[in-house]
Each structure stands twice: as C-alpha cells, then as structure tokens.
Protein chains: 2
Amino acid sequence: MSTFVCAHDNDFSAIAAGGIMGITIKEIAELCGVSQGTVDRALNHRPGISEKTKKKILAVASERNYRPDPVARSLARGRTMTIGVVLFDLYNRSFSQLMNAIEMSSREAGYYVHLMLTNKDPDNEKKCIEHLIHRKVDGIILFPINEGPEFDQYLRMLNIPIVTICNKVSDHWRYVGIDDRQAMKDAMDYVCRKGYERFIYVCPPLAYKGRTNIFTQEERFAGCLQGLRDNGITEQPIVIDTPAYVEALSGIDFRSAPKTAVVCSCDIYALEVMNHLKERGLRIPEDVGVIGFDNIDVLKYVAPRLTTVEYAVEQFGERAVRDIVGQIETGGSEHIPLLPYRIIAGSSI
Amino acid sequence: MSTFVCAHDNDFSAIAAGGIMGITIKEIAELCGVSQGTVDRALNHRPGISEKTKKKILAVASERNYRPDPVARSLARGRTMTIGVVLFDLYNRSFSQLMNAIEMSSREAGYYVHLMLTNKDPDNEKKCIEHLIHRKVDGIILFPINEGPEFDQYLRMLNIPIVTICNKVSDHWRYVGIDDRQAMKDAMDYVCRKGYERFIYVCPPLAYKGRTNIFTQEERFAGCLQGLRDNGITEQPIVIDTPAYVEALSGIDFRSAPKTAVVCSCDIYALEVMNHLKERGLRIPEDVGVIGFDNIDVLKYVAPRLTTVEYAVEQFGERAVRDIVGQIETGGSEHIPLLPYRIIAGSSI
DNA sequence: ATGAAAGCGCTAACAC
DNA sequence: GTGTTAGCGCTTTCAT
C-alpha cells in the first residue's frame, strides 16, 4: 500500500506544470525503456527490481510528475481509497462538526469522503449504504437509524468495514460515542442536588423503537430514570416524547406546582422549551429549571446559559476515521473506549 | 447517457437478492448467447440492435439485477458521475445547510458528492480542486477563497465545469448568490428609517483583499456605504474589521453618544456583538441597535430577536447543482439570476 | 531482475 | 443487427 507517490502526497504541481493529464505508467515504461511491470515494481516499492533501474524510473516519474490514476487503480485493485459517510442530515449542529472532523481526518489518512444523507428514512439508509458499496468505498462510517438483529444481520452480509457512530446497532460493530446513560445519570445527580421535586423529560418519540434506532435516546432516558432513583425520587417523571412537545408542555402548570426541572435529551429541545417558557413569562431557573444535552456551540448566545452535557464531537469523527482506516488497512480494529463528557454548569437550572 | 439501469434508478435489491457482487456484462452476454457489444447496446439503448434480442437481454439483466460497475464505467468513459464540492468548512451554520441541499439535489440528479474542505487556506483550496480533478469528478461547486485574474486563469486552465457559490471569482463563472450589495443597502435604508445617527460596521478583515476572496464581504460593505449616502448620512461609519472586533467594540462608548447602530456583515458577528453589549449592561435596541445578515436558524433562540437579511441557502445548493449538471451533461449553462432575499424585522434595532 | 500478457468491467470503433 | 477488437491505466501472475 505504499506508492512512491502515495495518496498522502501533497504535491499537486502536476497540473500547474504539465497540464491536467498526467503521464501514465506506459509512457514512463517507454521513456525508461523498460516494461510496465518494472515501472510498477519501482513505483510501488515491490521487490524484484534492481536499485539502479528503480532509481531511474523513480527519477523519471518524479520529473514528469507522475500520479497514479485513482480510477484505474480502483478498478485494478478493487479498492477506491474512499470512505462512505452516512448521516441523516447536516442540520443538527453537531453533525456538521462531525462531518467536518471526518473530512479532515480522512484526508490526512489519504482517503476521500463520499457523503450520503438518509433524511431519517430507514429504507433510504440501506439504499445509501448499498450505493456506497456499489461505488466500492473501502469502509463506511455509519450513524445508523435502522436497528435490531435483522439490520445487524444485513450489515454483516455486506461484508465491508463499518464503524457506527452516535447510535449503536449491536456489540458486533465498533461504536464511537460517549456513555450516554452514565452522562445523563450524572446530569440528574447534578439536577437533584439543586432540590427539584418534579421532573419532566422531553425527548424524541420513544415509541419509534422497533422502527428506528434510538439507542442513544434510550440510553439517555435510562440514565435519567436511574439518576432519579439513585437520588431517592420515587415519582416517575412526566415523559413528553411527542414531536409536539412544546404544545404538550403548554398544558402544564409550573407556578403552583412543586419546583420542576425540564430535562431535555438534547439542546435543541431545551432551546425550544426555554423559548416556550419565556413566552409564558416564566423565569428560568427561578420558576422552572431546564437542562439540555450536547452543548451545541450556539448556546453561548442564549440566555440564561443552558446547563448541559458536553463532549467533543470532533473526536468522534477522528476516532471513527482512525478505526475505519485501521479496519481497511490492517483488517483489525481495536476496542474504542467511550469518549469523555462533562457537565457544563449554566444558569438554567 | 441513459442506461437501462441508470444512476437515477432506486432499485438496490441487487444486494439483498444476489449478494454483493453483481453480474457483469460479460456474464449476461454468455447467458444470452450474444457478444458484450450487443449487451452494451441493449443496456445503453444504443441503436443497432433488434427489439427481440434487446428485450431478452434486458430481461436477463433485470432478472439478475445487473448494475453497471461505476468504477469500470468511469475508467472507460472518463467520467465518474460525481460532483466535487469545495467549501472552507462546515462550521458556519449556512454551509451545512448548503451542503445538505447540495447532497440532496445531486443524488436526485444521479450524482455523488465528494466533499473537500479547505480550512480557509488558499493554497489548500487549489490542492482540493486538483485532488478532485485527479479523481475525475465531472464538475466542481466552488466556494472560492482565492481571487483575482490569476486565480481566474488558473480555473480556466483546469478545463472543467465549475460553478461558484457565495463568492464570485469573475463574470466568466456562473455565480449563485444574492445581490449582497443591494441587500445590505436595503438593510441600511431600514436602519436609517429608525433614526440612527452613528454607525459602526463590523466585518471580517477587508484588508484580506488581494490575498483572499472577500467578494461578498466587499459587496455588503459597499451596500452599507451606499445606503448611508442615499439616506443623507455624510459621516463615514466606524469600520471594525479586525478579528478582535469585540475588543475593539469594548473601547467605544454608547451611552453618551449619538444613537448608534452596529451593522454586522453576518449574524455570527451580530450575536457576538450582542453578547458583548449585553455584558456591558447596554439595552438593545434602546441604547444601541444591532443588525445582522444571513438569518441563521439559531436566531430564534436569541433575545432580542435579531433584525437581519434572509435568503434561502438551500436554494443556493439546488441552483448550483442544477447548473453544474447542466454544464456537465449539455455543455451549456444558463444565466443564473441572483436569488431573492428579504429583511427580517426583529427587535434588535 | 525483467518482460509479456492477462485481467479489472465497461465502452466504442470497426468489420461483417 | 451483431460480433470482434482494442482500449481506459493499473495490477498481478507467470515465464524467462
């Protein structure tokens, strides 16, 4: 896998110098009076060639700015030096940062990135994956929205390196993420120390389970329940998991009720919730507390500062790329530890 | 360009049905007892084939779920059905939406997307472009950060369809965007109607001109000046175009000064400015007005509601894709009208 | 150590 | 109409 002009190579003067079309192996062979095979041996540092001819070939190649044709190489090798990335969209603030990190890390590793968006459609996710495989990407970084043993089986059948990110399919696949359950539990510990008595949990529809992969959401929810239990709260939280969560919230009284904490499974929800509460003239955190999750970067412009859980989503991208490249190149894959997180104490709860 | 199983085709049951490796033209030829050439004629609806054999071949192909190998096809055709996208990063809120739209539109048009991020490094931009060309993308959607006749010449030399977006290189290239100058002028008209007397303009370093493409920023600035002139303001605005604009702003007095409007060339700046002003205990808009540009989606969580200029960045993506596909497939390219925008009246000014 | 040749899967020019 | 053949540019096997 080492070419004299390898994919990591950053010399692109080829175009500036000799026009767009580069020189081919065949031409080098002619120039050097050797066969294509020999040129290949030199270029790819394969054994069975004398130092002398190798040097000569390398010199000519370098001088004429030879760069292997990726398409031809892909056809011959059956590999493309590309990584497929399947996300559901780029709207979520974290995803764009994630994608940014993936692109950067991939390029550093000599890979290109094919991005495909599923739009949260489970069938579309499969199509995207198959598209990528058909295009012969060498590996796939997948934020799965399908779930279950059936999907797990489906992925195995594909027989291609995969790393899952932000959502787990099964332990069979490497997973990049944080310990969402523990993180949410820690967050609840934090909230409970503040003396809240009533809890509302806002999250995406948990009933999607079975149809859509909501692993991370389940983990967070479980962490919430666990946290409450650990803190001696016996009453179950009010769970609002409808897309119309704002409307649902509007039916709830906060003034003449026990001090309430609205626990949101992600910051976007928390922001919407805060907007709603503010509209109602409720003071945060005096009348009602709010906590989010993700620490998206726009929080710094919002008052009051939202208390939330932070983790480095860029690291997700880096780890995912590192792992997928490992799988591709060495066939192996080390266990990926769950990444760190921490509570960001704002003033919203 | 029309294959019986074309790129627009959404049937991917190939994998589910017959395993990952599909059937090849050669195999179809054998199955049908014809030559590869004939199969090709059938598959690609080329003339010179009888209806009967064509039907038969198509039947077999469909039955065996034939799908042309993109890599092989790319090598033979010299085209890849991919579009390269060069942006500087995905951090700016608008860019991720832009990228989202580009991905969606491309797929609809049967193209894949290769994303490359330049990180605002002009040299890197060239490398990215050359990388993409070397990978034989069929066209490039470019948010240029280089500028000037030299770069223009460079792009011409590449001899590949290009559409510029958000930043203009020269009239030689199709450009997708709004009339930033007029938009900012309109915004100034709006501001001036509110009776402001002193103006501060906050934007990225205008001195980058010459090194970096700041076309859009220049347009906005020009629009600002024009707007002030048109409204009878003779005094020049205070221009703050240092990356340390917040610090620069901190040295300016607002209470005992004529009523001031801080005009920001983009929303992110405006948000930072508002944060700063709030920290100083200044009331917006009573003590000082602020206006932004872009209408990024997070504004709705920020109080007071920022007055800004809105445009549909998704449309940018769609238009860019439509144009680049046009250039690729028909060689032609229609003039792209500047896209619409409008002032969003918030309560920050 | 080097060359020759086949092959990756599809396309396209030319012959019958 | 259909078959044949020669690529596209690189890799790889098998002789020499």
Side-chain angles (χ1 to χ4, degrees), chain A residues 1-7 14 20-58 61 64-81 133-136, chain B residues 1-7 14 20-58 61 64-81 134-136 138:
Chain A
M1 251 326 304
S2 57
T3 317
F4 119 84
V5 180
C6 70
I20 287 219
M21 295 311 281
I23 191 175
T24 71
I25 279 194
K26 194 173 161 196
E27 295 172 291
I28 295 185
E30 282 164 11
L31 281 172
C32 296
V34 296
S35 72
Q36 291 192 37
T38 302
V39 174
D40 183 63
R41 275 180 272 259
L43 260 24
N44 291 317
H45 300 292
R46 263 192 270 277
I49 185 173
S50 75
E51 269 309 312
K52 196 179 147 207
T53 49
K54 179 167 177 176
K55 218 160 219 155
K56 180 172 159 198
I57 292 170
L58 255 32
R64 301 291 294 265
N65 252 309
Y66 169 77
R67 301 199 55 218
D69 180 321
V71 179
R73 175 174 275 183
S74 295
L75 182 60
R77 298 227 258 233
R79 299 189 35 203
T80 53
M81 298 302 288
I133 291 182
H134 193 233
R135 283 248 158 181
K136 296 211 174 48
Chain B
M1 250 325 305
S2 56
T3 318
F4 116 87
V5 179
C6 70
I20 287 221
M21 294 311 281
I23 191 175
T24 70
I25 279 194
K26 194 173 161 195
E27 295 172 292
I28 295 184
E30 281 165 11
L31 281 172
C32 296
V34 296
S35 72
Q36 291 192 37
T38 302
V39 175
D40 183 63
R41 274 180 275 258
L43 259 26
N44 291 317
H45 300 292
R46 264 192 270 278
I49 184 173
S50 75
E51 268 311 310
K52 198 180 146 208
T53 49
K54 179 167 177 176
K55 218 160 219 154
K56 182 171 157 200
I57 291 170
L58 256 31
R64 302 290 295 263
N65 253 308
Y66 168 76
R67 301 199 56 216
D69 180 320
V71 179
R73 177 174 273 182
S74 296
L75 182 61
R77 296 226 258 232
R79 299 190 34 202
T80 53
M81 296 303 286
H134 193 232
R135 283 249 159 182
K136 296 211 174 49
D138 301 329

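By convention in this document, chain letters (A, B, ...) are assigned in the order of the sequence lines, proteins followed by strands, and residues within each chain are numbered from 1.
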Using a cut-off of less than 4.0 Å, is there contact between a side-chain N or O of [X] and OP1 or OP2 of [N]?
X: A/S74; N: D/dC10; answer: no
X: A/S35; N: C/dG3; answer: yes
X: A/T38; N: C/dG3; answer: yes

For atom [atom1] of [X] and atom [atom2] of [N], their distance in whole Å:
X: A/D69; N: D/dC8; atom1: CG; atom2: P; value: 11 Å
X: A/K26; N: D/dA6; atom1: NZ; atom2: C1'; value: 10 Å
X: B/E30; N: D/dT4; atom1: CD; atom2: P; value: 12 Å
X: B/N44; N: D/dG1; atom1: CG; atom2: C1'; value: 17 Å
X: B/L75; N: D/dC10; atom1: CG; atom2: P; value: 9 Å
X: B/K56; N: D/dT2; atom1: NZ; atom2: C1'; value: 13 Å
X: B/H45; N: C/dT11; atom1: NE2; atom2: C1'; value: 16 Å
X: A/K136; N: C/dG9; atom1: NZ; atom2: C1'; value: 8 Å

With a 4.5 Å cut-off on side-chain heavy atoms, are [Y] and [X] touching?
X: A/V39; Y: A/V34; answer: yes
X: B/H134; Y: A/P70; answer: yes
X: A/R135; Y: A/T80; answer: no
X: A/I23; Y: A/L31; answer: yes
X: B/L58; Y: B/H45; answer: yes

In Å, rounded to the nearest 0.5 Å, how long is the span from [atom1] of [X] to [atom2] of [Y]?
X: B/E30; Y: B/Q36; atom1: CD; atom2: CD; answer: 8.5 Å
X: B/I25; Y: B/T38; atom1: CD1; atom2: OG1; answer: 10.5 Å
X: A/K56; Y: A/S50; atom1: NZ; atom2: OG; answer: 9.5 Å
X: A/K136; Y: A/R79; atom1: NZ; atom2: CZ; answer: 13.0 Å

### Residue mapping more 5' on DNA chain C - nearest nucleotide basis, A/V34 or A/A72
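Nearer the 5' end of the strand: A/V34.
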
### Task
Could you say whether A/V71 or B/G48 is positioned toward the 5' end of DNA chain D, judged by the nucleotide with the nearest heavy atom to each?
B/G48

### Query
How far does the helix from C/dA1-D/dT16 to C/dC16-D/dG1 bend, going by the axes of its first and last five pairs, to the nearest 10°?
50°

### Task
Could you tell me whether B/T53 contacts a base, only the sugar-phosphate backbone, or nothing, with contacts defined as non-hydrogen atoms closer than 4.0 Å?
sugar-phosphate

Each nucleotide N or O in nucleotides 12-16 of chain C that has a protein N or O under 3.5 Å away: list the pair and distance.
from   : atom 1 : to    : atom 2 : distance (Å)
C/dA12 : OP2    : B/R46 : NH1    : 3.2

